[in-house]
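Just so it is clear: chains get the letters A, B, ... in the order the sequence lines come, proteins before strands, and each one is counted from 1.
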There are 2 protein chains.
Amino acid sequence: MNRRRKIYEGKAKILFEGPEPGTLVQYFKDDTTAGDGARHEIIDGKGVLNNRISEFVFTRLNGLGIPTHFLKRINMREQLIKEVEIIPLEIIVRNYAAGSLVKRLGLEPGTQLPRSIIEFCYKDDALHDPMVSEEHITAFGWATPAELDDIMSLAIRVNDFLTGLFMGVGIQLVDFKIECGRLYEGDLMRIVLADEISPDSCRLWDIKTRNKMDKDRFRENLGGLIENYREVAQRLGILVETDNALTTGPRLVQ
Amino acid sequence: MNRRRKIYEGKAKILFEGPEPGTLVQYFKDDTTAGDGARHEIIDGKGVLNNRISEFVFTRLNGLGIPTHFLKRINMREQLIKEVEIIPLEIIVRNYAAGSLVKRLGLEPGTQLPRSIIEFCYKDDALHDPMVSEEHITAFGWATPAELDDIMSLAIRVNDFLTGLFMGVGIQLVDFKIECGRLYEGDLMRIVLADEISPDSCRLWDIKTRNKMDKDRFRENLGGLIENYREVAQRLGILVETDNALTTGPRLVQ
Ligand SMILES: Nc1ncnc2c1ncn2[C@@H]1O[C@H](COP(=O)(O)OP(=O)(O)O)[C@@H](O)[C@H]1O
Ligand SMILES: Nc1ncnc2c1ncn2[C@@H]1O[C@H](COP(=O)(O)OP(=O)(O)O)[C@@H](O)[C@H]1O
Ligand SMILES: [Mg+2]
Ligand SMILES: [Mg+2]
């Protein structure tokens, strides 16, 4: 499928050398993991859907002037991105209590938080992505205080946009995770949004039915992951050409 | 031992109503716990030593102009303190890697940190005092950003003093935990240091031998807790009148 040099293979995506210096090709796999890779399944067509949904979101964020690594989608599973120096943090923005915050603070799942809360986890599967604070991040030099300020402003802008986008299609944005990187342009360095934004990296609940439309379907063994991801794409008005594994050919959703 | 009204009984201390409004009596028990109370033993004489060591430290902090709740020691187990509105945080200052940080970030115990790191835990035994960040603290209203600034300045000053104090007697201050409270004086409110500072709340290693002289002796079943606490008091030049349970009468150490 790809004759380019492989740079990195992660749990859900592969990075290949891009056509120009400073670019990469991000390939979306069907691999679905939980517990830092402890559980692992192949879910046919997930990569195709995430590639399309992430393209959709990043294109609109670029349009809003929020800097991202995204250049363009190449095909069903690949997108062209700018290579960045990834900051080893998972930046989590939470609007409602879910997941680890529920356990950590003993909250009722779905409770609206007093305000949006940004959390940082140190990206290290072996350590299970431990939560860290600004103190750890700056002491260990993972990001400077100025970079953290940029990251937090960016995270808030992304949250504002995504909250509105999903609300418009009847979906509650419970929380999401982003990654940021340093983009070097000549002498300048900017913090940009990298990685992906998809139902793999967001918690999305149907506003009316409270149905979960995100990777929690896999984490909690609820089944129907692809159907729900496709529903998210459909509601966003995305034309989804699903894999042959799923349908007999390209298929117009909506 | 005390005919005053009991206000609160914690794991290691009891608070009684004080002689004047706005004051409390803090009574140091011999109860020693680990794992948020999961393990529990009575270690004869620990309360007496902690009362003396904490008196020593708080007196000198007051002298340096660092505001604390401490007024005076009353007897072997009791001290008179100002009542404050406790901020429900354990404020941890770390100079070297130990305890939970070792596990969280996969560090070698004893590694010097790039700089002192302040951590916050939400004081809630049932939740096992979960680590929280400034975001959680301000979002849930446990402290305001201005209060957090005061708390962090105070924590740094305490760390500077304690590092020097212990270094002077051949002890390395690995980390320690403090609690702060709001002291209302008329229309004014100040953040002051509360609770205790003792080998129960510090990690203290002998600089030459690396011997542990703190509550890790209990946590790690090393034995000899009292002997080590007494050694800390002794090195600080504190006259220790230990319990009759330990000696036949008041005893001049050093
Ligand atoms: N623009 C970019 N430049 C360089 N690396 C990136 C960029 N965007 C994302 N990455 C990294 O590529 C990897 C994407 O693959 P993924 O399967 O998510 O990996 P992981 O298992 O490490 O999360 C991640 O490690 C991510 O940090
Ligand atoms: N000046 C003060 N005013 C009010 N409460 C205090 C003050 N100093 C300490 N405290 C509280 O008193 C209790 C001391 O007892 P302790 O055994 O340490 O309790 P715990 O098991 O809750 O840690 C703690 O809950 C502490 O927060
Ligand atoms: Mg990833
Ligand atoms: Mg206590």
Side-chain angles (χ1 to χ4, degrees), chain A residues 36 88-108 111-145 148-149 151-156 159 175-178, chain B residues 36 88-108 111-145 148-149 151-156 159 175-178:
Chain A
D36 307 304
L89 297 175
E90 305 212 324
I91 301 121
I92 300 157
V93 182
R94 302 180 176 276
N95 299 306
Y96 298 85
S100 65
L101 189 70
V102 160
K103 280 181 216 144
R104 179 178 290 275
L105 299 186
L107 302 171
E108 194 58 40
T111 320
Q112 185 169 8
L113 299 174
R115 63 168 176 78
S116 304
I117 293 178
I118 302 179
E119 282 178 10
F120 301 101
C121 292
Y122 179 54
K123 208 172 142 58
D124 186 319
D125 284 336
L127 296 171
H128 305 292
D129 298 338
M131 196 181 87
V132 291
S133 70
E134 294 183 46
E135 283 275 307
H136 301 108
I137 295 166
T138 54
F140 287 100
W142 300 324
T144 66
L148 268 181
D149 284 348
I151 289 170
M152 291 176 80
S153 308
L154 198 146
I156 291 167
N159 187 43
D175 57 34
F176 64 95
K177 165 241 143 184
I178 55 173
Chain B
D36 308 305
L89 296 175
E90 305 212 325
I91 300 120
I92 299 157
V93 182
R94 301 180 178 277
N95 299 306
Y96 298 85
S100 66
L101 189 68
V102 160
K103 281 180 216 145
R104 178 179 290 276
L105 299 187
L107 302 171
E108 194 58 38
T111 319
Q112 185 168 8
L113 299 175
R115 62 169 177 77
S116 304
I117 292 179
I118 303 179
E119 281 177 12
F120 301 102
C121 291
Y122 179 55
K123 210 172 141 57
D124 186 318
D125 285 335
L127 296 172
H128 305 291
D129 298 339
M131 196 181 88
V132 291
S133 70
E134 294 182 46
E135 283 275 306
H136 301 108
I137 296 166
T138 54
F140 286 101
W142 299 325
T144 66
L148 268 181
D149 284 348
I151 289 171
M152 291 177 80
S153 309
L154 198 147
I156 291 168
N159 187 43
D175 57 35
F176 64 94
K177 165 239 139 184
I178 56 173

Visitor: Can you name the closest pair of heavy atoms from L105(A) and P130(B) and give their distance?
Guide: CD2-CG, 4.0 Å

Visitor: Does any heavy atom of chain A fall under 4.5 Å from the side chain of I137(B), the backbone, both, or neither of them?
Guide: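 Neither; nothing under 4.5 Å.
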
Visitor: Quick check for you: to the nearest 0.5 Å, what is the distance between E135(B) atom CD and R115(A) atom CZ?
Guide: 4.5 Å

Visitor: Roughly how far apart are M131(A) CE and M131(B) CE, rounded to 0.5 Å?
Guide: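 Reported to 0.5 Å precision, the distance equals 4.0 Å.
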
Visitor: Measuring from I117(A):CD1 to T138(B):OG1, what's the distance to the nearest 0.5 Å?
Guide: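 Here the interatomic distance stands at 7.5 Å.
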
Visitor: Between L113(B) and chain A, with a heavy-atom cut-off of 4.5 Å, which part of the residue counts as in contact: side chain, backbone, both or neither?
Guide: side chain

Visitor: If I take atom NE2 from residue H136(A) and atom CG from residue L101(B), how far apart are they, to the nearest 0.5 angstrom?
Guide: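 So the NE2 of H136(A) and the CG of L101(B) are separated by 5.0 Å.
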
Visitor: Side chain, backbone, both or neither: which part of S116(B) has an atom under 4.5 Å from a heavy atom of chain A?
Guide: backbone

Visitor: Highest number of heavy-atom pairs under 4.5 Å with chain B: which of G106(A), A139(A), G141(A), S133(A)?
Guide: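 Option with the top pair count is A139(A).
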
